[in-house]
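To start, the structure under review is shown below, and the notes come after it.
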Amino acid sequence: MIHPDQVASMIKSGIPDADVQIQDLTGGNDHYQIVVISPTFEGKGLVQQHQLVYGAVQSAMSSEAIHALSLKTYTPEEWATASAAS
Amino acid sequence: MTSDVQTQIESIVKSNKIVVFMKGNRLMPQCGFSNNVVQIMNMLGVPYETVDVLEDENIRQGIKAYSSWPTIPQVYINGEFVGGSDIMVELYNSGKLQEQVEIALAS
């Protein structure tokens, strides 16, 4: 288990300019849906974008403090388009 | 990861056009994320291989090091790591997965 704020700060220390939105899927503090928005993702494919986020939370993943992670990554422009559409 | 696990993984990945390292098998996925990928592959209606990582702890941990990707399932097309459940859902919804699969099967 790990507190959502800890997950957010881990991601922000790995991707300093990231905006992070976290949702606990099960209430058990170990299944998270995370949205990460960052200019760092520009020009990168989905796999690299997700690897950046996984890299930032690697220690929590390998210790199984985070059991499952559902990830959505966006550049600021993609996020603007996605939220305008929804 | 020992070199023979690496070699084993390498041969599986290189000798199958489409292979899914998952928990369970296509008839009995043992995890929701693995099930997502199986459902997508079934909807595409293409031939694909699966490897049940629950049957071999060396492969279960080795595959994560191989792709430097910490979760299961993992999908490989034409020997290339494509992604896990989230990315497969996004690629499927955007139509890009269908393109990748057709190119792979045609090559």
Side-chain angles (χ1 to χ4, degrees), chain A residues 2 6-7 10-11 13-15 18 20-28 30-38 41-75 77-79 81-83 85-86, chain B residues 1 13 18-24 29-40 53-54 57-101 103-104:
Chain A
I2 181 168
Q6 275 177 287
V7 179
M10 285 174 91
I11 293 173
S13 61
I15 311 172
V20 181
Q21 297 170 18
I22 298 192
Q23 192 192 341
D24 185 336
L25 291 174
T26 58
D30 60 1
H31 283 63
Y32 285 111
Q33 160 89 36
I34 299 180
V35 173
V36 183
I37 303 146
S38 163
F41 294 146
E42 257 134 35
K44 292 190 172 65
L46 273 179
V47 172
Q48 289 96 341
Q49 292 179 21
H50 285 214
Q51 276 173 325
L52 279 172
V53 180
Y54 277 126
V57 296
Q58 175 60 30
S59 54
M61 294 290 299
S62 41
S63 68
E64 288 267 350
I66 296 178
H67 175 69
L69 207 48
S70 192
L71 267 183
K72 286 254 185 241
T73 53
Y74 298 92
T75 62
E77 292 79 44
E78 287 164 346
W79 179 250
T81 330
S83 23
S86 62
Chain B
M1 169 171 58
V13 166
I18 303 172
V19 58
V20 180
F21 291 80
M22 63 178 289
K23 292 177 181 173
Q30 299 298 312
C31 146
F33 294 110
S34 289
N35 186 48
N36 288 346
V37 170
V38 164
Q39 296 309 322
I40 286 171
V53 301
L54 298 178
E57 190 60 20
N58 289 326
I59 288 198
R60 181 177 184 172
Q61 298 313 324
I63 196 68
K64 295 175 186 175
Y66 181 80
S67 57
S68 58
W69 186 266
T71 60
I72 300 291
Q74 294 188 17
V75 181
Y76 292 76
I77 298 178
N78 260 356
E80 291 267 325
F81 175 59
V82 174
S85 176
D86 291 330
I87 287 178
M88 290 296 283
V89 169
E90 285 201 36
L91 289 178
Y92 179 75
N93 291 336
S94 68
K96 289 188 186 126
L97 182 59
Q98 285 83 330
E99 281 165 33
Q100 262 185 284
V101 161
I103 293 166

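Per chain, numbering begins at 1; letters A, B, ... match sequence-line order.
Comparing B:Gly83, B:Cys31, B:Ser68 by heavy-atom pairs within less than 4.5 Å of chain A, the highest count is held by B:Ser68.
In this structure, no portion of B:Val89 lies under 4.5 Å from any heavy atom of chain A.
The number of heavy atoms from other shown groups lying within 6.0 Å of CD (B:Gln61) is above 12.
Rounding to the nearest 0.5 Å places CG of A:Leu71 at 9.5 Å from CD of B:Glu90. Distance check, rounded to the nearest 0.5 Å: OG1 of B:Thr71 to CD1 of A:Ile66 gives 11.5 Å.
Close approach to chain B, defined as a heavy atom under 4.5 Å from one of its heavy atoms, is seen in A:Leu46, A:Val47, A:His50, A:Gln51, A:Tyr54 of residues 44-56 of chain A, taken by number.
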